[in-house]
Amino acid sequence: MTTTQRVERASGAPDTDKSAFGVRSARAFWRWLTSMRTALVLLLVLAVAAVPGSVWPQRNVSAERVTRYYTDHPSLAPLLDRFWFFDVYASPWFSAVYLLLFVSLVGCLVPRLRQHAQNLVKPPPQAPVRLDRLPHSARRWMPDDAATAAQTVRSALRGRRWRTTVRAQQDGAVTVAAEKGYLKESGNLLFHFALLAVLFGVAWGSWYGWHANRLVVAGDEFCDTTQQYDEYGLGARTVAEDLPPFCVTVQDFTATYLDTGEPSQYTAHISYVEHPGAAARGWTLRVNDPLRLSDANVYLLGHGYAPVLRYTDRYGKVFTTVVPFLPTDGMLTSEGVAKFPYANVAPGGGQAQAPAQVGFSGVYQPTVNPDPAQPKSIFPDERDPALTLRAWEGDLGLGNGAPQSVYELDSRQIALGLLNDVGTHTLRPGQSWALPDGSTVEFLGTKPWITVAVRYDPGEKLVLAGAACLLIGLMISLSGKRRRIWARISPADGGGSLITIGGLARTDHPGFGDEFAGVVRLAGGDPPAQDQEPAPVGTSERGR
Amino acid sequence: MAQLSDTLLIAAVVTYVAAMLGYLVEFAFGTRGAVARVVARPARQLAAVGAPTAGTSPTAPVSPAAGSPVQPGRAVAPREGSPGRAGIAGLIGVGLTVVALGLHSGVLVTRGLAAHRVPWGNMYEFVVTLTAVFAAGWLVLLATRPALRPLGLFVTFAQALLLGFAGLVLTTPAAPLQPALQSYWLKIHVTAAATASGLLLLAFVPAALFLIRAGYDAGKRRFPYPLGRRLPAGEALERLTFRLHAFAFPIWTLAIICGAIWAESAWGRYWGWDPKETWSFVSWVAYAAYLHARATPSVKRTTATWFAAAAWGTMLINLYVINFVAVGLHSYAGVQ
Ligand code: HEM
């Protein structure tokens, strides 16, 4: 009858002497795990366990920041890593907490669901003996006999959608029992089951989903294969062949800015082919407007500039390259490098000569800072673009097997004196610079690039549906009120019947007093003659 | 317009402080008895319905405390008389709160006009919105429970503190939104988040006061417990705490859900454990723990309320610490 009983329930059959110690302790553990107190402790632990993920950089959020943390804290980082502090949300201890919580939830919900289903079909419980002791009570007299009066009371209650049962008591009285507010428990169960649905949706998405991203220069095309991505992650139950065979071409990209330099809109026009042989279709990609395909979505994440350089080596051989530069600030001051490993190879194939590969490291300012001491762009749009290049000659170090970043020169080669600085020059679009060895580099202009994320998450819809049910269940549960009303109708001494009505709100319910009074009024009847106080409806203000 | 907005903010803060003085007078000099009596309507429930009830005769009143039928009107009568001098100060406090809220709304309206959009696009605007919800919620609460009035002291105190800080530290020039923020989910998400935060702040007031009161009743006399002497009865405060949380928590849930929907369309994933998201999750779990604790029979009400207070702490961390310290995708704060 009280919540205690329902919630902190003893499990099944009583322990017998014969039951083994193991069984008994397993039962005790189960009882402990599925108790509300334990759920509470686990909830608190869950909240605390989520915090480290906002304190230390997370690999799934930003792998570079983890790398940086490693360089900044070389002694602490490995220790933290050992305890999964860079992968908090995939760590065994975080998983243990939420899995225990959800096991506890299932263990708690299943019996509650059964009990609730029974309550839904069972009639409301017997009336207590002393209805006038309930927080709300009233007495009435009706001229009819007890059975008829009971029907009157009952139909009053049913008219207000109370669930009612009429019972004849042994002492000749008739009782009406009514209950309302079953929805509260239904809502509560819906809420907790929805939590399970959300968890399941998240898990489903992480098994069968995948994500990838890459940088695309305007004019280029990419297809949905793992080889073509800069970075990708496949779910535990996904293989590279599962990726749908679509291709996307980025036609152009425009960004508009406010006078302060803050961006106001990014727009990329793209065309795509859903599968080989399908017709190409167009789409306008915006930040909140992804391209939604049947088995993947394409999102616009970031953008920047890719200077186009034409390098003519000392033998007259021409190389043209488009090099995406990475923004370093909000005004899109961007940095990057261009590498020409095949430059300056003598046409005859002169073997003996020292390598004269060429590389450029550059800073691009879309709107150049008038103060040359401050090579920081003052506006993100290309109002007055300038590219400052530093030329390097020697061995780029590409042959030694170690992977190299396309955004940096190999600092070891520079440190070893194998790659040498041969001067710096600032170029405007269209300008060229003659290097001391007779080669030239020309800055042809820039092309915009964008970064796109491609994602597929089959659990998403389940999570969304779960979240919606969760919210609905929560609102029903938190606003629902369980309440009961009983009436005891006994034949009055002078004819007619005497009715005692009592009401009990089982949860905080400030309006119950009024509701009770309304029911009493609806039931009809008059105040019984022997009552001194002609109080119309005896309702103390206790529900408030 | 933007300038007018800033001027209105100063006026609003000053008016809230003036209102605070009114409430302070009432709180300090008012007759506690009248306050406590009405707020603390006994809320006893019968422990068990089916308890044996033999003995007393049917007509005898059950017990004076549990209250036999009382004529309507009698229970509230003692309060209705003259408000007293302290009460007038309290009424002035309420009046000034209304004026302040008017100015406060003016801040938002002018701001929205200046920026040509809903006025909650950065942290400053978020705090101004949240506090407006807080003040409006307080006035609504007051309309239904006038006896709470002296607690306005704490409401306006928090209000002046938060708004003053927003005006001094957080202000950012009115500007249109960044591309990632241009979504109608943003409007729902941030509106819900600001509403929920404002209401959860309002809910924190009785929670904290209940803890003070309970501490006072338990014999604690160090600051701030002596304040408890003048506070309404613990039970009433606790009940109010729960009802406000029960109202605000679904809104907070809605805010998180809309945020996730927005994140999905902006960044391609509905949840990414970015610091702001992480702390929203922490707060959500903390508030769920509070509601859970309150529904757990074996957990004391004071313990449960401590959870609520701690949960508000996580909201503050999310709002003030994370926006400044953590690097995240929420290009939102707009504070340098
Ligand atoms: C998975 C994490 C959980 C969360 C986030 C959660 C959240 C909540 C919330 C917010 C409430 C208050 C809503 C209301 O009173 O209607 C609640 C109530 C409740 N929860 Fe949970 N819960 C969780 C797990 C559990 C578990 C494991 C159990 C069982 C041991 C449980 C049993 C209950 C019960 C019995 C109520 C109260 C129903 C009532 O008021 O009559 N919950 N929960």
Side-chain angles (χ1 to χ4, degrees), chain A residues 1-4 7-8 36-37 39-40 43-44 46-47 50-51 53-54 58 60-61 89 128-130 132-135 137 211 258 260 262-266 286-290 297 299 301 453 455 457 460 463-464 467-468 470-471 474-475 478-479 504 508 533 535 538-542 544, chain B residues 41-46 48-51 53-54 58 62 66-71 75 175-176 178-180 182-183 239 242-243 246 249-250 253-254 257 260-262 264-270 272-275 278-279 281-282 285-286 288-289 291-293 295-299 314 322 326:
Chain A
M1 190 142 295
T2 57
T3 39
T4 328
V7 173
E8 298 185 353
M36 263 186 98
R37 259 190 108 97
L40 186 59
L43 269 176
L44 287 178
L46 182 70
V51 171
S54 74
Q58 298 297 296
N60 62 345
V61 177
Y89 308 107
V129 182
R130 292 284 312 275
D132 55 354
R133 281 200 160 187
L134 294 178
S137 65
H211 64 90
L258 307 176
T260 57
E262 287 193 51
S264 61
Q265 186 62 271
Y266 301 142
R286 292 207 177 84
V287 173
N288 283 310
D289 230 349
N297 300 326
Y299 302 85
L301 288 193
R455 284 185 174 261
D457 185 342
E460 221 168 67
V463 173
L464 184 61
L470 180 156
L471 186 58
L474 189 62
M475 288 194 300
L478 286 172
S479 63
L504 173 72
D508 285 351
E533 256 186 278
T539 290
S540 58
E541 293 272 354
R542 252 164 303 151
R544 305 266 153 153
Chain B
R41 282 205 190 105
R44 287 241 227 124
Q45 305 254 336
L46 291 196
V49 182
T53 47
V62 179
S68 51
V70 179
Q71 273 160 324
Q178 308 192 15
Q182 295 162 6
S183 151
R239 206 170 274 258
F242 170 70
R243 311 208 82 230
F249 183 66
T253 311
L254 176 71
I257 294 174
I261 296 175
W262 171 37
E264 196 281 332
S265 64
W267 302 311
R269 81 290 182 293
Y270 56 85
W273 296 111
D274 127 328
T278 303
W279 278 89
F281 172 81
V282 171
V285 173
L291 292 175
H292 219 268
T296 309
S298 60
V299 173
T314 66
I322 299 301

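Protein chains get the first letters and strands the later ones, always in sequence-line order, with residue 1 at the start of each. Excluded from the calculations below are hydrogen atoms, water molecules and symmetry mates; all remaining heavy atoms, backbone and side chain alike, are included.
Between A/A39 and B/H292, the shortest heavy-atom contact is CB-CE1, 3.9 Å. In plain terms, the two heavy atoms of B/A266 and A/N288 that are nearest each other are CB-OD1, 3.1 Å. In terms of heavy-atom proximity, B/A289 sits nearest to A/L44 at CB-CD2, 3.9 Å. What you find for B/A293 and A/L40 is that their closest heavy atoms are CB-CD2, 3.6 Å. Residues A/A50 and B/T278 approach most closely at O-CG2, 3.2 Å, considering heavy atoms. Heavy-atom minimum distance, B/S298 versus A/R37: O-NH1, 3.0 Å.
For A/Q58, no part sits under 4.5 Å from any heavy atom of chain B, backbone or side chain. For a residue to count as touching a neighbouring chain, one of its non-hydrogen atoms must lie under 4.5 Å from one of that chain's; by this rule B/I257 touches chain A with the side chain only.
Contact annotation: the side chain of B/E264 approaches that of A/Y299 to within less than 4.5 Å [non-hydrogen atoms, C-beta and beyond]. Looking only at side-chain heavy atoms (C-beta outward), A/L464 and B/Y270 stay at 4.5 Å or farther from each other. Two residues are said to be in side-chain contact when any heavy atoms from C-beta on lie closer than 4.5 Å; B/S265 and A/D289 fail this criterion.
Remark: A/N297 CG to B/R269 CZ distance equals 14.0 Å, nearest 0.5 Å.
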*side-chain contact (heavy atoms from CB on, under 4.5 Å) evaluation trace for B/W279 with A/V51*: CA-CA 7 Å; B/W279 278 89; A/V51 171; 3.7 Å; yes

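Of the listed residues (B/T314, B/L254, B/V285), the greatest number of heavy-atom pairs within a distance under 4.5 Å of chain A belongs to B/V285.
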